[in-house]
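Letters go in sequence order (proteins before strands), and every chain restarts at 1.
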Amino acid sequence: MKYQDLLQQLFGNEINYSVDNNVLLGDAAFDNQQFSLCGIVDAAQLDNVMSLKLAKFILDKVNLDPKFNLLIFIDTGGQKTSRQAELLGLNRYFAHLIKVIHYARAKGARVFSLVYGSALGGAFIAAGLNAEKVYALAEAQIAVMWLEAMSRVTKIPLVRLEELSKSSAIFAPGAENFVKLGVIDKIIDPAAFLPQIISDIGGAAPSINHWRELADVRGGRTLANKIVSQVIND
Amino acid sequence: MEKLQYNFSSKTNKLSEFGITAGVVNSGNLEILLEKHDKVDELFIEINTTVPGFAAVWQAVISDFVAKYAVGACKFTINDCGATPAIVSLRLRQLYELAASGNQGNDYSNSRYLELNARERINALVDGGSFTEIMPAINKIVSPHLGQLDLPVEFDDGVIIGTAKISGKPVYIASQNYAFMGGAVGEVNGAKLSGICLKALKDKVSAMIFLLDSGGVRLHEANAGEIAISELIAAIIQLKLASIPVIGIVAGRNGAFGGIGIVSQCLDAIIVTENARTSVSGPEVIETVMGVAEYDSSDRALVWRTCGGRHRSIMGDAFYSSKQIGDIRQKLLELLDKPTLFNEKTLLDEYQQLEQRLIDNQNSRDGIDVWAIAGLSNPQQIPDLSDSDFMELLK
Amino acid sequence: MKFIQNQLLKKETLATASKLLEGKWLKDSTKLPLLFEEIIKPHNRVCLEGDNQKQAVYLAKGLCKVNPQIVNNLHIVQSCLSLPEHVEIFERGIASKVDFCYSSGQGARVMNLAAEGKIEMKAIHTYLELFSRYFLDLTPNVALLVAEKADRAGNLYTGANTEETPAIAEATAFKDGIVIVEVNEIVDELPRVDIPASWVDVLVHSPTPQMVKPLFTRDPAKIDEVKILMAMMAIKGIYAKYGVNRLNHGIGYATSAVELLLPTYAESLGLKGKICQYMVINPCPTLIPAIESGFIKTICSPGGEVGMNEYVRAHADIFFNGSDGSQRSNRAFAQLAGLYAIDMFVGGSLQIDLMGNSSTATIERMTGFGGAPNLGSDINARRHSSDTWLKAGAEYAQTQDKTLLKGRKLVVQMVETFQAAGQPTFVEELDALTLQKKMKMPLPPIMIFGDDVTHIVTEIGIANLLLCKDLAEREQAIRAVAGYTPVGLAKDPQKVAELHKRGAIQYPEDLGIRFSDATRDLLAAKSIKDLVEISGGLYNPPSMYRDW
């Protein structure tokens, strides 16, 4: 879905945003709640400049009033694959963005993300996955690596991977798999998204074990939750 | 995969340690786990191997071993990844010697970090005898996903976690095993990493230490690995918010790439050595996607100028140490004594530093350009300086 | 006039080609294929210089572009088929016959073309044989060579990687062949003259430097405990026992381990000045610690090694360097030294059979021989005696109940019992025999013959074949060190015990070596970076070997 259509559908006229260098920044209102918006558009690769821009937007909001609502819209083709980006320390830029989002959450911000396009690799870790809850549209494309590439790197025949991906959510692309694994709270219609967020805001933020617990219940990751609690209580 | 099981009669052992392992599950290598067996005059051995059809050879190798060493009342479990008989004999003997003497008393003062395995690295850095492993190999909590793909597993899934002391202070520590699947993160080892952080938070220890050595996400369980890394980051942030120092060391063979490259920069500080490398995408990935003109991954000097330990420390993303274990430990002690703050001001400072870096380096195409802008003289000679000369220059 | 036909032909050919030349220099480099079409005749013997390390890449690319209607059926006579172009000329019908020594990297392609009948394989030689035959019946009509620098007159500087260029140039130039040389750098004054201009007919300015491969660089990080154990056994059980001072090392990790144990383990045994003083070997970086510690007095190199030039220059006492200070190598002389002057060859192999015959040929690849069959052979001709040679000869004479008339050269194979899991080194029958049948060769491509081999070192122990009375004993000695390979498992324990008692088989414990002592801490350098540091920064490894 194009971000223009999505935002129009979500907020109608109650929105003010800009897109520059594939970074979306703005403010909007719905049902008497104010929202700050940020995100990545057009399946852009997340680079140093973009990460910094997102981080600054959030830092400024924290400075203004730490108790704010933030929606992160995700459509990214992954991390910027360039020597220049890595030369200047892309991992530090990503980490900075991550720290800023978590810091905002710690200071009382309510942060949610919505995957409305692609969410690939390191860029998903840097942005969307730091929200308290992650939602996805039905059309979302979520992957660490596509199966063809995975087959090439692991030298496991593609047929075998395809066959196994029918029964296991653990490695194959697809938003449904990330639901089973507990990361995506639910696949959601655009129309239902903001009401869901309003309801989330009405309650407390989920615990740090939220994903693992969901994964256990949904059967996507059966070991993670047990191992973590076993280690904590060792 | 083929599973073989044998019983050998053997004199009762006088071994002192059980639950230990020798070797690593890596091409041409294997891991052996030692456990107690209920029959005193018998060795029970189970082998899981990726190279089927060599039962007679296994039997011959182990018979010879049993004839030389008393290993009754022992159980050996082997995860084999194509080891030759020479390596099998070597590991069996190493396991025996380790079990007979233990490794707590080893002197690592002249060792090199790079040469040590994940467990040895911990023992070399912490106070002698202070390390207690949590969820050790004997618990056999292995990746269920590798088995589904007919791949060998390792009993600790490639990560060692536990409690220890450094200069008498209680710390928790995690060490990635670069040799097992490149140190990559999957469901099980990722949960161990998150678990030890959350335990550190609960127990309010003096510091959490990560010995990172990983290519990132384990592709065979890619989604679970990516999520585990995000969960780990969330746990690390909790430690930062609780003002518990979180320090990393990137000085191993595989460096810190992909998600682990991102994790490394979420810590309070990392210590790097000359051989360290860290970034998000590895050079091979960038070359594959963008072409050899963008990044020639076989030009290793270029790789190190782009993501090597010296480059990262010049830019201020890491603290530099020589490769000697004593120096790394010394650096670690210094960092533990220097708490890092995590607040709005430090984030704003970091923002300004990173913004300035982009402004300064608009035309930088190589590490040498970056070092020149950082004001270092003779930047092209930096890779060839000795550690001491380089550290002098950093001051 | 009847016996100067070649002279006349050469004059005539160069006269026709002169329209493309300015003096000896090709005027327009795009005309290189045209030049070849003028100079090279169908059925000519051509050497397209491919050495062990350096390659005439530019001329090779040019030869691929000639019109096969004009230049065809060439008979290629060169040591190494290593560039894709070396094979492409056969695919394109420019060449049809070959005499060579080995085919690094192109082995599978060479074999397929031979099977298709596109390559007529005349013979696979050793270096010395091929160089010798350049001076008898395989003299090149045209030699396409490579030099680092030339002056305007055409004098050549071939430097550290001189290798076999002088041998080829001499054979060609003095028998009225035509010598064409590619050079990258043209200077007013050469550092020194390695080949005089009067041997050179045509020069071509190549836009790129000659290609040289770092074939002799072994990363100490890859040496494991098993190889260290083998190296310890070899040092104590062979080097020290026979007092070996003149020797050659192959390029495997086991011999690199020996080199890196010299300043540590061997020195602790008091062996400095007693072993390893004179070596025929390329300037291998793993020799640096032994050189620095004063173990080695002289190194005679068949070639150079990438990154070692400055180190060699600063160690003129050890290496053979020119008046300009830089190294000169000469493969022909170094191979001769390896055949006649050394007392021991130490190498490795992919397969060894029950008689000790060894081969690196596999069913998929035709690799060839290079220098090992000469270096690793005992010569029957008269030679100087040395303590080592006499001691080995005495052991053999005693076993055979003979009078001592001559000594023995030590020919040592250092191999692990398995190359990889399920891939035994010791076999009942070499793949070379299958290959012989497949390629219809007169003899199997055996690298080193069993009757020349004196010792086999594996992680199990040392088999001293000099102390084996007959072939049956030799077989049992080999089985005894073959470990858990099918060959090893089929040993006769009683016979092996008897051989062990007699010293024909030695296990580590017999030498007072414990496996647990074989640790990487014994290595004088554990990484390439260590080698750089020990060299005082003079060793400048190629980028592919750096991890800093």
Side-chain angles (χ1 to χ4, degrees), chain A residues 48-49 52 55-56 59 62-63 79 81-96 98-100 102-103 106 121-122 124-126 129-130 144-145 150 153-154 156 160 164 168-172 177-178 181-183 208 211-212 221 223-225 227-232 234, chain B residues 134-135 141 145 148-149 161 187-188 191-192 194-196 198-199 202 217 219-224 226-227 229-231 233-235 237-238 241 258-259 261-262 264-266 278-281 285-286 289-290 294-295 306-307 315 317 344 347-348 350-351 354-355 357-358 361 364-365 367 370:
Chain A
N48 315 50
V49 177
L52 216 46
K56 187 64 175 18
L59 265 181
V62 173
N63 186 257
Q79 70 263 26
T81 43
S82 93
R83 186 158 62 85
Q84 170 90 356
E86 297 295 359
L87 178 72
L88 298 183
L90 186 61
N91 52 354
R92 176 101 188 257
Y93 287 81
F94 281 6
H96 179 68
I98 290 169
K99 286 186 275 187
V100 166
H102 279 283
Y103 182 75
F124 199 24
I125 294 180
L129 285 178
N130 302 293
V144 178
M145 194 183 244
M150 198 178 284
V153 179
T154 61
I156 296 167
R160 180 99 179 77
L164 203 58
S168 166
I170 220 80
F171 63 88
N177 284 337
F178 283 77
L181 296 169
V183 171
I208 193 159
W211 293 353
R212 285 186 287 268
R221 287 186 293 158
L223 288 172
N225 198 38
I227 291 172
V228 169
S229 25
Q230 217 175 312
V231 172
I232 295 176
D234 184 276
Chain B
I134 296 173
M135 211 168 268
I141 300 178
H145 314 301
Q148 277 196 309
L149 290 163
I161 56 170
E187 178 179 357
V188 171
K192 284 170 83 175
S194 286
I196 192 71
L198 295 175
K199 184 179 171 62
K202 188 187 96 178
V217 166
L219 287 181
H220 313 81
E221 35 192 300
N223 301 347
E226 181 178 81
I227 295 163
I229 283 171
S230 249
E231 288 174 330
I233 289 172
I237 302 280
Q238 292 309 308
L241 288 165
I262 301 172
S264 73
Q265 289 299 329
C266 291
T278 170
S279 61
V280 185
S281 304
V285 173
I286 298 177
V289 177
M290 305 299 291
E294 168 72 18
Y295 204 161
T306 307
C307 65
M315 281 203 309
D317 292 352
E344 205 173 322
L347 286 169
L348 208 55
E350 182 174 56
Y351 170 80
L354 294 182
E355 188 188 38
R357 182 186 294 176
L358 292 180
N361 288 286
S364 296
R365 290 295 297 148
V370 179

Original post:
A:Tyr93 versus B:Leu358: any side-chain heavy-atom pair under 4.5 Å?
Top reply: yes
**OP:** Kindly compute the distance separating CD1 (A:Ile227) from CD1 (B:Ile196), expressed to the nearest 0.5 Å.
**Re:** 13.0 Å
**OP:** Start with the C-alpha distance between B:Gln265 and A:His96, add both sets of side-chain angles, then the distance that settles side-chain contact (heavy atoms from CB on, under 4.5 Å), and finish with yes or no.
**Re:** CA-CA 8 Å; B:Gln265 289 299 329; A:His96 179 68; over 6 Å; no
**OP:** Kindly give the heavy-atom pair with the smallest separation between B:Ser194 and A:Val228, and that separation in Å.
**Re:** CB-CG2, 4.3 Å
Subject >> Candidate pair A:Asp234 and B:Met135, rule side-chain contact (heavy atoms from CB on, under 4.5 Å), full reasoning >> reply: CA-CA 8 Å; A:Asp234 184 276; B:Met135 211 168 268; over 6 Å; no
**OP:** Let me know if B:Lys202 has heavy atoms under 4.5 Å from chain A in its side chain, its backbone, both or neither.
**Re:** side chain
Subject >> Shortest non-hydrogen separation from B:Ile237 to A:His102 and the atoms involved >> reply: CG2-CB, 3.5 Å
Original post:
Between B:Cys266 and A:Lys99, which heavy-atom pair has the shortest distance, and what is it?
Top reply: O-CD, 4.3 Å
**OP:** Find out whether A:Phe171 and B:Leu219 are in side-chain contact, i.e. whether some heavy atom of one side chain is under 4.5 Å from a heavy atom of the other.
**Re:** no
Subject >> Between B:Val289, B:Ile227, B:Ile229, the one whose heavy-atom pairs under 4.5 Å with chain A are most numerous >> reply: B:Ile227
Subject >> Part of A:Ser229 within contact of chain B (heavy atom distance under 4.5 Å) >> reply: neither
Original post:
Which heavy-atom pair separates B:Arg357 from A:Gly89 by the least distance, and what is that distance?
Top reply: NH1-CA, 4.2 Å
Original post:
Based on non-hydrogen pairs under 4.5 Å, which of B:Met315, B:Glu221, B:Glu355, B:Glu294 is most in contact with chain A?
Top reply: B:Glu294
Original post:
In Å, rounded to the nearest 0.5 Å, how long is the span from CD of A:Gln84 to CD1 of B:Ile286?
Top reply: 11.0 Å
Subject >> Greatest number of heavy atom pairs closer than 4.5 Å to chain B - which of A:Leu90, A:Leu88, A:Val100 >> reply: A:Leu88
Subject >> Structural part of B:Leu348 lying under 4.5 Å from a heavy atom of chain A >> reply: both
**OP:** Please answer whether the main-chain N or O of A:Arg83 pairs with a side-chain N or O of B:Arg365 as donor and acceptor at a distance below 3.5 Å.
**Re:** no
Subject >> Which atoms of A:Ala55 approach chain B - backbone, side chain, both or neither, heavy atom under 4.5 Å >> reply: neither
**OP:** Identify which of A:Leu52, A:Leu59, A:Thr154 forms the greatest number of heavy-atom pairs closer than 4.5 Å to chain B.
**Re:** A:Leu52
Subject >> Side chains of A:Ile156 and B:His220 in contact at under 4.5 Å (non-hydrogen atoms) >> reply: yes
Original post:
Below 4.5 Å, heavy atoms only, C-beta onward: do A:Thr81 and B:Tyr295 meet side chain to side chain?
Top reply: no
**OP:** Would you mind checking which part of B:Cys307 comes under 4.5 Å of any heavy atom in chain A, side chain (CB onward), backbone (N, CA, C, O), both or neither?
**Re:** neither
Subject >> Region of B:Val370 in contact with chain A, defined by heavy-atom distances below 4.5 Å >> reply: side chain
**OP:** Return the option, out of A:Asn48, A:Asn177, A:Leu181, with the maximum number of heavy-atom pairs under 4.5 Å with chain B.
**Re:** A:Leu181
Original post:
Rounded to the nearest 0.5 Å, how far does CD1 of B:Ile233 lie from CG of A:Leu129?
Top reply: 8.5 Å
Original post:
Which residues satisfy the side-chain contact (heavy atoms from CB on, under 4.5 Å) test with B:Gln238, sequence neighbours excluded?
Top reply: A:Ile208, B:Leu201, B:Leu241
Subject >> Under 4.5 Å from a heavy atom of chain B, the part of A:Ala85 involved >> reply: neither
**OP:** Nearest 0.5 Å please: distance from the OG1 atom of B:Thr306 over to the CD atom of A:Glu86.
**Re:** 9.0 Å
Original post:
What are the two closest non-hydrogen atoms of A:Asn91 and B:Ser264, and how far apart are they?
Top reply: ND2-OG, 4.1 Å
**OP:** Might you work through the side-chain contact (heavy atoms from CB on, under 4.5 Å) test for A:Gln230 and B:Ile141, ending with a clear yes or no?
**Re:** CA-CA 12 Å; A:Gln230 217 175 312; B:Ile141 300 178; 4.3 Å; yes
Subject >> Region of A:Ala126 in contact with chain B, defined by heavy-atom distances below 4.5 Å >> reply: neither
Subject >> Min side-chain heavy-atom separation B:Glu344-A:Tyr103 under 4.5 Å >> reply: yes
Subject >> Side chains of A:Val183 and B:Glu226 in contact at under 4.5 Å (non-hydrogen atoms) >> reply: no
Original post:
What residue in B:Leu354, B:Ile134, B:Ile262, B:Leu347 has the most heavy-atom pairs under 4.5 Å with chain A?
Top reply: B:Leu354
**OP:** Could you go through the side-chain contact (heavy atoms from CB on, under 4.5 Å) check for A:Ile170 and B:Asn223 one step at a time?
**Re:** CA-CA 5 Å; A:Ile170 220 80; B:Asn223 301 347; 5.9 Å; no
Original post:
How about A:Arg92 and B:Glu350: do any of their side-chain heavy atoms sit closer than 4.5 Å?
Top reply: yes
Original post:
Can you list the residues that meet the side-chain contact (heavy atoms from CB on, under 4.5 Å) rule with A:Asn225, with sequence neighbours excluded?
Top reply: A:Arg212, A:Glu213, A:Asp216
Original post:
Quick one: are B:Val217 and A:Met145 in side-chain contact, heavy atoms under 4.5 Å?
Top reply: no
